[in-house]
Amino acid sequence: HSQQAYALPSSIKLKMKYVFTAILFFSISILIGQEANWEGKSVGFSLGKLKVSENKRFLVFEDERPFFYLGDTAWELFHRLSKKDAEKYLENRRKNGFTVIQTVILAEIDGLNTPNMEGEKPLVDNDPSKINEKYFEHVDWVIKKAEEKGMFIGLLPTWGDKWNKKWGVGPVVFTPDNAAVFGEILGKRYKDFPNIIWIAGGDRPLEEEIHGKIVRAMAQGLRTGDNGKHLITFHPSGGKGSSQYFHNEDWLAFNMRHNGHNTNFTGVYENTLNDYNRNPVKPVIDGEPIYEDHPIRFKPQENGHSTAADVRRPLYWNLFSGAFGHTYGHHSIWQMWQPGREPINFPLLPWYEALEQPGAKQMQFGRRLIESRPFLTRIPDNSVIVDDNIATSVPGAGMYRFVATRDTDGTFAMVYVPVGRKFRVRLDVIKSEKVLAWWYNPRNGEATKIGKFTNQRIREFISPTPGENLDWVL
């Protein structure tokens, strides 16, 4: 796959020669080394304008190079970090292979009335038609710094409590009229910034007609201001997807889900596949799955906090169910918590220590796995897995759910194995007399050859280290 600018490990290089003959890649993730570093920029090539691919499933650059969206949620980046700390954060994410930083101009944690680290508030008299130039100069600086490091900014104009307070600080300041004005101001300001992806919404439900009007007006203002140069999506509230509200609207370039902060995964990640199967066809991504070290169901005293294994599963469930990328999050990092700040719902460690948590480092292995195979022909296909239980479409349920993906040309297939147990697969999805199989370790990115097999119809496998949290990719 000649587009890649970073160096592949020898184990990956060895198998590249088989890519266009036949590969059954049975590993949960590709190990690149726990301290692996991305060479050059995070995206791997010069930034350019993004668009939706011809088959409407992925994002690509104008010259058709695939773009892997590996996001992180840094909602308070503009509001709570100094320039020095912002650069520290961005550099860490670059080194770990992230390509998109999702953040908010009018931030959630009293973003209107509590100044940023330079003492500036975003609006004059909380009027969306009157922006504070000094605040926005800081926003400009952070976006340009991300560009230098090869990363896009998934840019929310505002958090949702400014148009539907519901919970949080607010206050509500938006109407359809001033939302259009604010959107146009932002669109004009950032129309020539190459690394912007607009994200309307902001984690609040559309409960009244006016909420939908505000979001639509904001999106139209962005489009008017930047002449349609940047893609736009919508960030919904927990358990929802943009498709429920705006799927048929022209401004919505791709669907974004918010699959929520729960480890009871039954019936949740199937929704990514449901959005994939909608018509008209649009790309889909999970913009907010469970965060690492997050209170499970927001009740840490009862349920504890999530772990690296909890955030790995959604990565592969989403990707193998047709998502064009994935977003990670950490409970300390989204709020940029550190000693001296009031904690929101029991963060376990300061944001600058949370940068090194294992789940964050392991996201890059999913990206490397997907980028090591033909990109734009990949489809979800759970029929690769032979299900012996007629009550389910794939083995297991909830956190034990197996999922599979392959390419349309029959050169590779992958099965995500979240728990150690025997399972069977159809080898005939590979168009070759011989099938080369590998295990991929999503915890460290290492690939281990299993062997080459005659392409019999069905074969049984079991992962190398059976265990509850020891996932693999075949």
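All residue numbers in this chain count up from 1 along the given sequence.
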Enquirer: Could you check whether E288 and H261, counting side-chain N and O atoms only, form a donor-acceptor pair closer than 3.5 Å?
Expert: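 Yes, E288 and H261 have a side-chain donor paired with an acceptor closer than 3.5 Å.
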
Enquirer: Does F136 have R189 sitting over its ring (NZ/CZ under 6.0 Å from centre, angle to axis within 45°)?
Expert: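 So R189 doesn't make the cation-pi contact.
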
Enquirer: Looking at OG1 of T405 and CZ of F412, how far apart are the two atoms once the value is rounded to the nearest 0.5 Å?
Expert: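 Going from OG1 on T405 over to CZ on F412, the span is 5.5 Å.
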
Enquirer: For the residue pair R443 and F365, would you count it as a cation-pi contact if the rule is NZ or CZ under 6.0 angstrom from the ring centre and within 45 degrees of the ring axis?
Expert: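 No.
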
Enquirer: With rounding to the nearest 0.5 Å, note down the distance linking CH2 in W439 to OG in S463.
Expert: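 W439 CH2 to S463 OG: 5.5 Å, rounded to 0.5 Å.
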
Enquirer: Test R257 against every option in T272, D286, D275, N274 by the side-chain hydrogen bond (donor to acceptor under 3.5 Å, both in side chains) rule and name the one that passes.
Expert: D275

Enquirer: Carefully, step by step, assess Q102 and Y328 under the rule side-chain contact (heavy atoms from CB on, under 4.5 Å).
Expert: CA-CA 10 Å; Q102 295 175 193; Y328 165 86; over 6 Å; no

Enquirer: Could you check if a side-chain atom of V403 sits within less than 4.5 angstrom of a side-chain atom of N382, using non-hydrogen atoms only?
Expert: yes

Enquirer: Using the six-membered ring wherever Trp is involved, compare the ring planes of F423 and F402 and label them parallel, tilted or perpendicular (cut-offs 30° and 60°).
Expert: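 Perpendicular, since the angle between the ring planes exceeds 60°.
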
Enquirer: State whether a side-chain donor-acceptor pair under 3.5 Å links Y269 with N318.
Expert: no

Enquirer: Given side-chain contact (heavy atoms from CB on, under 4.5 Å), test H235 with W159 step by step and report yes or no.
Expert: CA-CA 10 Å; H235 174 251; W159 202 248; 3.8 Å; yes

Enquirer: Are side-chain N/O atoms of N96 and R367 paired as donor and acceptor at under 3.5 Å?
Expert: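 No, because no side-chain N or O of N96 sits under 3.5 Å from a partner of the opposite role on R367.
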
Enquirer: What is the distance from atom NZ of K149 to atom CD1 of I101, rounded to the nearest 0.5 Å?
Expert: 11.0 Å

Enquirer: For K229 and D192, run side-chain contact (heavy atoms from CB on, under 4.5 Å): C-alpha distance rounded to whole Å, both residues' side-chain angles, the deciding distance at 0.1 Å, then the answer.
Expert: CA-CA 8 Å; K229 283 189 173 182; D192 295 324; 2.7 Å; yes

Enquirer: Would W251 and V215 satisfy side-chain contact (heavy atoms from CB on, under 4.5 Å), going step by step from the backbone distance to the final call?
Expert: CA-CA 11 Å; W251 58 265; V215 171; 4.2 Å; yes

Enquirer: Quick one: OG1 on T377 to CG on D409, what's the gap to the nearest 0.5 Å?
Expert: 5.0 Å

